[in-house]
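Just so you know, these numbers come straight off a predicted model, no measurement behind them.
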There are 2 protein chains.
Amino acid sequence: MNDIARLAGVSKKTVSRVLNNSPFVREETRVKVNELMQEMGYTPDPQARGLAFRRSFLIGMVFDNPNAQMVVTMQEGVLAGLKGSGFELVVHACDRNAPDFLPEVSAFVERQKLFGVILLPPISENNALVEMLQERGCHYVRMASAVIDEPGNLVASTDSLATAEAAKHLAKLGHTRIGFIAGPPGFRSRAERRLGFLAGLKEHGIDLPARYSIDGAYTYESGIAAAEKLLKLNPRPTAIFASNDEMAAGVYHAARQLGLSIPADLSVVGFDDTPVSRRLWPPLTTVRWPIHDMGRAAAQHLLNAASDQPADDDNAVFPAFLVERDSTASAPK
Amino acid sequence: MNDIARLAGVSKKTVSRVLNNSPFVREETRVKVNELMQEMGYTPDPQARGLAFRRSFLIGMVFDNPNAQMVVTMQEGVLAGLKGSGFELVVHACDRNAPDFLPEVSAFVERQKLFGVILLPPISENNALVEMLQERGCHYVRMASAVIDEPGNLVASTDSLATAEAAKHLAKLGHTRIGFIAGPPGFRSRAERRLGFLAGLKEHGIDLPARYSIDGAYTYESGIAAAEKLLKLNPRPTAIFASNDEMAAGVYHAARQLGLSIPADLSVVGFDDTPVSRRLWPPLTTVRWPIHDMGRAAAQHLLNAASDQPADDDNAVFPAFLVERDSTASAPK
DNA sequence: CTGAAAGCGCTTACAG
DNA sequence: CTGAAAGCGCTTACAG
């Protein structure tokens, strides 16, 4: 920086002003300094800037999510959004049920003086965490399945609309006895997906009796267990909606054990459109949500905050939608 | 830090010495300072330390790997190993085929003054990258499928031994016409898995004719394409080894299209033991390697370097091994 | 619009 | 075994 200042014939301070887009620099000076920085391949030291600013140029991604594909795709989306910004992404896996969960994350944020954090579900739904971040003056973006915060602090998919679509898809195929495998309590997406599905059924005058609705845990094994219960019912459901793909894979397993053919005997719908949905046989009808784009949007929210730009309200909600493949067909007569 | 120094009645410098485990501190002073730090909940500012040290307390994870589950599990392993060390993990996805791949990673390392980086395959096999890191004085650990560096810079699985085991497993089941789907050129694991498999077959006097060996790309689609070619051969192979699980899933797809039953008509073996291997039907016989432990070991290598401890030679090679499930059975008569 | 001084929180020589 | 001075590379007041 000293070199740049010397060569440009200005003070260190002026170089700093150019770096920080201060309006108090003559256009001529700005251009000259910028050119010199380009030439010399100069990039400011983020640690030194951070020390002076009393905050770092790091973004944290805090997660405790079982869906690996989701986590990686989200990371890649965020990294794409952060590219060239000078901010870097620090990952922080944690255990939301640990007794020191909150103080642990708090210590992380404070020690690294994070500029902001991106919260993945279900941690993103933890209000105590968000309050802690606000107190620390740490920016944040919550990834969620519904609108649970202001647009500037949120990137959400429309889970309930998508599951309503799924319900209507099944109803149109003539299914009336439909099984539902819910997500686990503690995930907002459990409620969103459930409520949307019920609403979609209702439009077609279809009811979901309590015994046709079983709680799962978003795991393969829980999908098997839930499907076994549902397929034991009399009369048996002709279709099952599983609140994620992993559980839908469990439904496939249970159906196969019982000699049921998909989709002839049983239609199945999942949620997430993870790679497994295309590895299953037949390929799974499921709900897709734009994880990569949402990660990029989260990064953009944070960069807006960093440059004091207003929140981009149009970049907060992303539609999820049904992808029809071969696991759904007309209800058996 | 000033507070601590004042309360302890020593200079800032002495506190610093305690922090850095300098031997030149009286035991009594050390204990007193440590107690005070504990009491006050003091943690040194990594940015300030970094600025003075001319390097940061950040570890980079550089990757361009298609296996999301692997990436996340590796991250979690590294984070577990780094926990409490004061080091944080910065993720850096990149495109190994981009023209500015090397300068881009180089700029990242230099700008952040990374203490070290962890390289995931296939990037870990790039020698030009490693030379660049050495020149920069940046510590590194290569994750690999074979011993390609000194133990202190390496965490490797024993891919070739594991595929030899897989080959012998198939041979013992009576298979003699075996198809092989290789990984793509540019991955060291391609050669390791191939050579090990050939060696295993050889032990049983079995040959792999060229037309029974097809190149894949570690993707589902490439697995389908390769399997279609193999299953068209006359005589048809009674078993197929796919160099990863994704391609094995492709083999399932192709077999099903042809009305072949697994394992009655065709035995299948994969590699990676990703979740998909248990979602397939029947569950896939595959090779497991201890990704989480390997991530933790990589972190440990870097922490050893940070505390000037000698490399832990016994913590560099991790055995991969066959997990027998239901996709392999005796060769059809 | 621009600059000289002081400081962010730590560490490295250099003395003692 | 311990301390006073100078510095890491930047920014924030404060002047002009």
Side-chain angles (χ1 to χ4, degrees), chain A residues 1-34 36-37 40-58 86-88 107 110-115 136-137 306-308, chain B residues 1-34 36-37 40-58 86-88 107 110-115 136-137 306-308:
Chain A
M1 187 173 192
N2 276 316
D3 300 346
I4 302 277
R6 196 167 354 96
L7 290 174
V10 299
S11 74
K12 246 167 50 169
K13 176 54 200 152
T14 299
V15 177
S16 168
R17 270 192 267 263
V18 172
L19 232 38
N20 294 296
N21 292 314
S22 157
F24 305 113
V25 183
R26 228 184 343 156
E27 190 51 31
E28 197 183 301
T29 316
R30 174 191 311 282
V31 170
K32 192 200 226 162
V33 170
N34 269 325
L36 269 159
M37 295 201 288
M40 314 262 308
Y42 167 80
T43 350
D45 181 328
Q47 289 199 105
R49 290 187 83 193
L51 188 59
F53 269 137
R54 286 169 197 69
R55 65 163 183 75
S56 72
F57 289 84
L58 300 175
F87 283 89
E88 296 291 339
E110 176 150 331
R111 228 159 50 92
Q112 301 300 326
K113 300 215 198 73
L114 297 182
F115 173 76
R136 294 228 172 304
S307 54
D308 289 317
Chain B
M1 187 174 194
N2 276 319
D3 301 346
I4 303 277
R6 197 169 351 97
L7 291 173
V10 299
S11 75
K12 246 167 50 167
K13 176 53 200 151
T14 299
V15 177
S16 168
R17 269 193 266 263
V18 173
L19 231 38
N20 293 298
N21 292 314
S22 159
F24 305 113
V25 183
R26 227 187 343 162
E27 190 51 32
E28 197 184 302
T29 317
R30 176 191 308 283
V31 170
K32 193 200 220 160
V33 170
N34 268 325
L36 269 160
M37 293 200 291
M40 314 261 309
Y42 167 80
T43 347
D45 180 328
Q47 290 200 104
R49 291 187 83 194
L51 187 59
F53 269 137
R54 286 170 198 68
R55 65 163 183 73
S56 73
F57 289 84
L58 300 176
F87 283 89
E88 298 290 339
E110 176 150 330
R111 228 159 49 92
Q112 300 300 325
K113 300 212 198 75
L114 296 182
F115 174 76
R136 294 228 172 303
S307 54
D308 288 316

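- Nearest nucleotide to the side chain of A:R49, out of D:dC10, C:dT2, C:dT12: D:dC10.
- You'll find the side chain of B:N20 reaches within 4.5 Å of the side chain of B:R49, heavy atoms only.
- Contact of the B:K13 side chain with the B:S16 side chain is registered, since non-hydrogen atoms from C-beta on lie closer than 4.5 Å.
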- prompt: How does DNA chain D look in dot-bracket notation if pairs are Watson-Crick or G-U with both distances under 3.5 Å, crossing ones as [ ], other-strand ones as |?
  reply: |||.||||||||.|||
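- Closest approach to the B:K13 side chain among D:dT2, D:dA4, C:dG9 is made by D:dA4 (side chain taken as heavy atoms from C-beta onward).
- To the nearest angstrom, C1' of C:dT12 lies 8 Å from CZ of B:R54.
- The side chain of B:F24 sits closest to D:dT2 out of C:dG3, D:dT2, D:dC10.
- Both B:K113 and B:V10 lie near DNA chain D, and the one whose nearest nucleotide falls closer to the 5' end is B:V10.
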- prompt: Passes side chain to side chain contact (heavy atoms under 4.5 Å, CB included), B:L7 versus B:M40? Steps please.
  reply: CA-CA 10 Å; B:L7 291 173; B:M40 314 261 309; 3.7 Å; yes
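- Of the candidate nucleotides C:dG3, C:dT2, C:dC10, C:dT2 has the atom nearest to the side chain of A:V25.
- Closest to the side chain of B:D45, out of C:dT11, C:dG9, D:dC8, is C:dG9.
- Following rounding to the nearest Å, A:Q47 (CD) and D:dG7 (C1') show an atom-to-atom distance of 15 Å.
- When the nucleotides C:dC10, C:dT2, C:dG3 are ranked by their closest atom to the side chain of A:T29, C:dT2 comes out on top.
- At the phosphate of C:dT11, OP1 or OP2 sits under 4.0 Å from a side-chain N or O atom of B:S16.
- When rounded to the nearest whole Å, the span between CZ of A:F53 and P of D:dG9 equals 17 Å.
- Contacts of A:Y42 with the nucleic acid, taken as non-hydrogen atoms under 4.0 Å apart, involve only primed sugar atoms and P, OP1 or OP2.
- Side-chain contact between A:F24 and A:R26 is absent, with no heavy-atom pair separated by less than 4.5 Å.
- In this entry the distance linking CE of B:M37 with P of C:dG9 reads 17 Å, nearest Å.
- Candidate nucleotides D:dG3, C:dC8, D:dT11 were compared by shortest atom distance to the side chain of B:T14, and D:dG3 ranks first.
- Using a 4.5 Å cut-off on side-chain heavy atoms (C-beta onward), B:V18 and B:M37 make contact.
- B:R30 places a side-chain N or O within 3.5 Å of a backbone atom of B:S22 that can act as its donor or acceptor partner.
- Between D:dC8, C:dC10, C:dA13, one nucleotide has an atom nearer to the side chain of B:L51 than all others, and that is D:dC8.
- For B:R26, the listed nucleotide lying nearest its side chain is D:dT2; candidates were D:dT2, D:dC10, C:dG3.
- In this structure, B:R55 satisfies the cation-pi test against B:F53, with its NZ or CZ atom closer than 6.0 Å to the six-membered ring centre and inside 45 degrees of the ring normal.
- Counting to the nearest Å, the P atom of C:dT12 and the CG atom of B:N20 are 6 Å from each other.
- In this structure the side chain of B:Y42 reaches within 4.5 angstrom of the side chain of B:L19, judged on heavy atoms.
- Straight-line distance from the NZ atom of B:K32 to the C1' atom of D:dT2: 13 Å, rounded to whole Å.
- In this structure, A:R111 atom CZ and C:dC8 atom C1' are separated by 18 Å, rounded to whole Å.
- The side chain of B:A48 sits closest to C:dC10 out of C:dC10, D:dT2, C:dC1.
- Remark: C1' of D:dG16 and CZ of A:R17 are 12 Å apart, rounded to the nearest angstrom.
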